[in-house]
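The structure appears below as structure tokens.
Lettering follows sequence order; numbering is per chain, from 1.
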Number of protein chains: 2
Amino acid sequence: MNIGDVARQSGVPPKTIRYYEDIGLIRPNRSENGYRAFTENHVHKLAFLGRARALGFTIEDCRTLLALYEDENRESVQVKAVAEEHLRQIEEKIEKLQSMRTTLTELVEKCAGDHRPDCPILADLSPIRMSE
Amino acid sequence: MNIGDVARQSGVPPKTIRYYEDIGLIRPNRSENGYRAFTENHVHKLAFLGRARALGFTIEDCRTLLALYEDENRESVQVKAVAEEHLRQIEEKIEKLQSMRTTLTELVEKCAGDHRPDCPILADLSPIRMSE
DNA sequence: GGTTGACCTTCCGGTAACTGGAAGCCCCAT
DNA sequence: ATGGGGCTTCCAGTTACCGGAAGGTCAACC
């Protein structure tokens with residue numbers, strides 16, 4: 001299979017597939033003409049990677065997960081640990097974003113949004129008091 | 001004032017201040033010895049930038065906001081527009097992350113996390129059915 | 001006066017995970 | 001043989017910095 005077919009079947013774009021080869025996530029063979037030659041197994045792995053990335057796992061997490069995926073002797077606790085750590089980081093991000101949202105929502109509500117220059121948003125960002 | 005003082009007063013690290021000069025966000029003068037020479041106004045701007053960045057505004061947003069900040073003839077609607085767009089993007093990110101969290105939480109709960117290899121997390125990532 | 005040590009400078013490289021584009025080969029159909 | 005699509009490699013750009021190396025500067029201390 002050529003890269004285009006694999007891209008269509010796995011949902012991972014050709015550029016990304018080449019990148020994944022560069023960083024050693026997959027190792028396709030080469031045809032005589034120099035084209036990458038993929039197997040069904042590569043398609044599976046790429047789809048796996050696509051799903052893992054969609055869940056926000058880093059590439060390094062993906063590397064780990066893929067190794068576990070292929071390891072018959074894995075222990076599910078290993079997988080769970082990776083997922084739990086990732087979950088923690090997602091929750092951290094959510095909290096940070098929610099706190100930003102709270103502040104921004106307040107500021108946007110307070111801002112008249114008209115032709116006048118006075119703006120509570122700028123006032124909040126400013127270290128010096130703008131209008132008393 | 002030298003960069004170290006400004007960094008302490010504004011809360012923005014020296015490296016970041018130099019970077020902000022590189023990309024034209026601030027324009028300190030130079031002393032005879034080649035050191036950057038900052039004024040109080042630079043401290044204000046940097047603190048402004050620090051707050052804006054902490055609210056998640058991109059550097060380009062910051063550039064816009066700083067220009068509005070310094071523009072006596074700004075209209076608050078301009079500021080509000082930037083903030084509202086940023087708010088939208090934050091809300092998008094939150095939604096994406098929450099959806100990831102939901103999925104991940106389910107998977108983590110389903111995973112036994114013991115010494116056995118069977119793992120619903122891998123099963124979910126896998127395009128082919130793992131166990132039966 | 002020399003010598004620390006804390007500053008400051010520039011420049012280079014790296015981060016994460018790709019994406020876009022250029023230059024050029026390959027293959028198939030007309 | 002020519003055209004179009006697909007494949008290749010390589011280079012550069014993205015975001016917002018951080019770390020480190022090599023080297024100049026300054027104030028203080030002996």
Side-chain angles (χ1 to χ4, degrees), chain A residues 1-38 42 45-46 48-66 82 85-86 89-90 92-93 96-97 100, chain B residues 1-38 42 45-66 85-86 89-90 92-93 96-97 100:
Chain A
M1 243 182 305
N2 285 346
I3 200 167
D5 308 313
V6 179
R8 268 181 295 278
Q9 286 186 44
S10 67
V12 178
K15 278 279 189 185
T16 304
I17 298 177
R18 293 194 192 98
Y19 172 67
Y20 287 171
E21 183 186 8
D22 272 0
I23 62 173
L25 278 181
I26 50 164
R27 307 193 181 281
N29 286 323
R30 294 294 175 136
S31 307
E32 294 197 353
N33 59 13
Y35 288 15
R36 288 172 182 78
F38 297 88
H42 288 122
K45 282 197 201 175
L46 285 166
F48 180 98
L49 290 169
R51 311 260 253 130
R53 293 287 300 127
L55 281 180
F57 286 104
T58 66
I59 291 286
E60 282 318 302
D61 283 345
C62 288
R63 201 188 294 278
T64 305
L65 291 173
L66 204 50
V82 174
E85 174 57 22
H86 178 44
Q89 290 181 11
I90 282 183
E92 254 182 50
K93 281 188 196 171
K96 243 184 214 161
L97 287 169
M100 289 179 190
Chain B
M1 246 182 304
N2 285 345
I3 201 167
D5 307 312
V6 179
R8 268 181 293 277
Q9 287 186 41
S10 66
V12 178
K15 278 279 189 185
T16 305
I17 298 177
R18 293 194 192 98
Y19 173 67
Y20 287 171
E21 183 186 9
D22 272 359
I23 63 173
L25 277 182
I26 50 164
R27 307 194 181 281
N29 286 323
R30 293 294 174 136
S31 310
E32 294 198 352
N33 59 15
Y35 287 15
R36 288 171 182 80
F38 297 88
H42 288 121
K45 282 197 200 175
L46 285 166
F48 180 97
L49 290 168
R51 311 260 252 130
R53 293 288 300 127
L55 281 180
F57 286 104
T58 66
I59 290 287
E60 283 318 302
D61 283 346
C62 288
R63 200 187 294 280
T64 304
L65 291 173
L66 204 49
E85 174 56 24
H86 178 44
Q89 291 182 10
I90 282 183
E92 253 182 51
K93 281 189 194 169
K96 243 184 214 161
L97 287 169
M100 289 179 189

Output a table of nitrogen or oxygen pairs between the protein and nucleotides 13-16 of chain C separated by less than 3.5 Å.
none

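- When each of A:Ala37 and B:Glu32 is assigned the nucleotide of DNA chain D bearing its nearest heavy atom, the one mapping closer to the 5' terminus is A:Ala37.
- Dashed line: the shortest gap from a side-chain N or O of B:Tyr20 to OP1 or OP2 of D:dC17 is under 4.0 Å.
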Practice item. Evaluate the criterion side-chain contact (heavy atoms from CB on, under 4.5 Å) for residue pair B:Leu49 and B:Val12; output intermediate values, then yes/no. Key: CA-CA 9 Å; B:Leu49 290 168; B:Val12 178; 5.6 Å; no

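- Evaluation of the side chain to side chain contact (heavy atoms under 4.5 Å, CB included) rule for A:Glu32 yields no partner, not counting sequence neighbours.
- Closest approach of A:Leu55 and B:Met100 over heavy atoms only: O-SD, 3.5 Å.
- Between the CG atom of B:Asp61 and the P atom of D:dT15 there is a distance of 12 Å, given to the nearest Å.
- Distance check: A:Leu66 CG to A:Tyr20 OH gives 10.5 Å after rounding to the nearest 0.5 Å.
- Looking at residues two or more places apart in sequence or on another chain, you find no side chain to side chain contact (heavy atoms under 4.5 Å, CB included) involving B:Glu92.
- Look at CZ on B:Phe57: it is 17 Å from P on D:dT15, rounded to the nearest Å.
- Across A:Ala7 and A:Pro14, no two heavy atoms sit closer than the pair CB-CD, 3.6 Å.
- The shortest heavy-atom contact between B:Ile17 and B:Ser10 is CD1-OG, 4.5 Å.
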Atom pairs, N/O to N/O, protein against nucleotides 10-12 of chain D, distance under 3.5 Å?
none

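- A:Thr58 and A:Arg53 make their closest contact through CA-NH1, 4.0 Å (heavy atoms, listed as atom of the first residue, atom of the second, distance).
- One can place CZ of A:Arg30 at 17 Å from P of C:dC25, the figure rounded to the nearest angstrom.
- Checked for salt-bridge contact, B:Arg18 and B:Glu21 miss the test: no charged N lies under 4.0 Å from a carboxylate O.
- Between the C1' atom of C:dA17 and the CG atom of A:Leu46 lies a distance of 15 Å, rounded to the nearest Å.
- One finds the OH atom of B:Tyr19 at 12.5 Å from the CD1 atom of B:Ile26 (value rounded to the nearest 0.5 Å).
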Dump every N/O contact between nucleotides 4-7 of chain C and the protein below 3.5 Å, one line per pair.
| from | atom 1 | to | atom 2 | distance (Å) |
| --- | --- | --- | --- | --- |
| C:dC7 | O2 | B:Tyr35 | OH | 3.4 |

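- Residue B:Arg18 places at least one side-chain N or O closer than 4.0 Å to OP1 or OP2 of C:dT9.
- The environment of CZ in B:Arg27 is sparse: at most 12 heavy-atom neighbours from other residues, nucleotides or ligands sit within 6.0 Å.
- Between the CZ atom of A:Arg63 and the C1' atom of C:dC18 there is a distance of 14 Å, rounded to whole Å.
- Residue A:Thr16 places at least one side-chain N or O under 4.0 Å from the OP1 or OP2 atom of C:dT19.
- Under the side chain to side chain donor-acceptor pair (under 3.5 Å) criterion, B:Asp5 pairs with B:Arg8, not counting sequence neighbours.
- At whole-Å resolution of the value, CD in B:Gln89 and P in D:dT15 are 12 Å apart.
- Between B:Arg36 and D:dT25, a side-chain N or O to OP1/OP2 separation shorter than 4.0 Å is absent.
- Phosphate proximity of D:dC7 to A:Asn33: absent, as no side-chain N or O sits under 4.0 Å from OP1 or OP2.
- Distance A:Glu60 CD to C:dC18 C1': 14 Å, rounded to the nearest Å.
- Taking atom CG of residue B:Asp22 and atom P of nucleotide C:dC12, one finds them 12 Å apart after rounding to whole Å.
- Across the interface with DNA chain C, nearest-nucleotide mapping of B:Asp5 and A:Gly56 shows B:Asp5 to be the residue nearer the 5′ end.
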